[in-house]
Amino acid sequence: MLTIDRLTVGYGPVNALHEVTLSAEKGEITAVLGANGAGKTTLLRTVSGLHRARSGTVELAGQPIGCVPAEDMPRLGMAHVPEGRGVITELDVEENLRLGGLGRGGRVSEEDLSLAFDLFPVLADRRAQQAGTLSGGERQMLVIGRALMARPSLLLLDEPSLGLAPRIVAQIFAMLRDLVRDQGLTVLLVEQNARSALSVADRGVVLHLGRVVADEQASVLASDDQLRHAYLGF
Ligand code: ATP
């Protein structure tokens, strides 16, 4: 589904990613793990067209997308949920969800809304509540739900667990599993919370100072003590 080949990305004189190669297979969750500054966010921003690579290629379903502007990505089936849970605080939950259809130029149907409400019943309960009054976990659910309104085939998620209680993280990750199973969605999940991410992912890629140091089945990574201690912090 997504193929990244020898991607080098920099800021000024410094490269944040060095010849990074990885792929995310259709219907799988691929976790990109690593400490602060490993280059995880840079990777997602480059894939979604917000930043240009110095060299290397990115292909989505066999099509090169390295020169596609970010605003065209939803039409190609890509949705990016950046870190930070940005919602329009003055709008209510439903209005925020409806904004998710804009990128693909389509209206959000009741069926689309039901998908988000079935995945996250708490959003249904709070449909008319101002988004600015939601808890951190509810906001995270809302931004994922809003991304799904674009009916993506590839979902890029940046640190969805950041600052959330373990119970909420477990709920969000369980929902991701359901989405992948029921809708055949492909997910590229950037996380510092390696333990939780590997519990839900099919594959894990570890970045360290902008380079891939491991790319394995999630269960293999999770049981590699040396690698866990060296790079994953658990
Ligand atoms: P974190 O988990 O802390 O967000 P990360 O793995 O997502 O870390 P990036 O944010 O991609 O890492 O940063 C990778 C490197 O690129 C870091 O050394 C960072 O300082 C640098 N960097 C990121 N954005 C910029 C920028 N706009 N200008 C200059 N350097 C940047």
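What you are looking at is a predicted structure, and each value in this text was computed from that prediction instead of being measured. One is the number of the first residue; the rest follow in order along the sequence. Each ligand, and each atom within it, is numbered from 1 in the order the structure gives. For the numbers below, each heavy atom of this structure counts, side chains included, while hydrogens, waters and symmetry mates do not.
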Could you check whether any heavy atom of Gly12 sits closer than 4.0 Å to an atom of ligand 1, since that is the contact criterion I want to use? no
Just which atoms of ligand 1 are under 4.0 Å from any heavy atom in Ala35? 6 (O)
How close does the nearest protein non-hydrogen atom get to atom 23 (C) of ligand 1, and which residue and atom is it? Tyr11 CE1, 3.3 Å
Say whether Ala16, considering both its backbone and side-chain N or O atoms, lies within less than 3.5 Å of an N or O atom on ligand 1. no
Nearest non-hydrogen contact with atom 1 (P) of ligand 1 belongs to which option: Asn36, Leu44, Val9? Asn36
Contact partition for Arg45 relative to ligand 1, non-hydrogen atoms under 4.0 Å: neither
Sorted by chain and number, sequence neighbours left out, side-chain contact (heavy atoms from CB on, under 4.5 Å) with Pro74 holds for none
min-distance protein heavy atom vs atom 4 (O) of ligand 1 -> Thr41 OG1, 3.7 Å
Give me the other members of the hydrophobic cluster that Val206 sits in, counting Ile, Leu, Val, Met, Phe, Trp and Tyr linked by side-chain heavy atoms under 4.5 Å, directly or via other members. Leu33, Leu198, Val213, Leu221, Leu227, Tyr231, Leu232, Phe234
Ile88 backbone acceptor or donor facing Asn96 side chain under 3.5 Å: yes
Which protein non-hydrogen atom lies closest to atom 12 (O) of ligand 1, naming both residue and atom, and how far is it? Gly39 N, 3.2 Å
Mind listing the closest non-hydrogen atom pair of Thr8 and Glu19 along with its distance? OG1-N, 3.0 Å
Which atoms of ligand 1 sit under 4.0 Å from any heavy atom of Glu159? 2 (O)
Is Glu25 paired with Arg203 through a side-chain N to carboxylate O contact shorter than 4.0 Å? no
Check ion pair Arg177-Asp202 (N to O, under 4.0 angstrom): yes
Give me the nearest non-hydrogen protein atom to atom 18 (O) of ligand 1 as residue plus atom name, then the distance to 0.1 Å. Gly37 O, 4.2 Å
Atoms of ligand 1 less than 4.0 Å from Gln192 heavy atoms? 2 (O)
What residue and atom, counting heavy atoms only, is the protein's closest point to atom 11 (O) of ligand 1, and at what distance? Thr42 OG1, 2.5 Å
Please determine if Arg146 and Glu94 form a salt bridge, counting it only when a charged side-chain N lies under 4.0 Å from a carboxylate O. no
With a 4.0 Å cut-off, would you call Glu110 and Arg127 a salt bridge? yes
Heavy atom of protein inside 4.0 Å of atom 14 (C) of ligand 1, strictly below: yes
Under 3.5 Å donor-acceptor, Thr3 side chain and Ser23 backbone: no
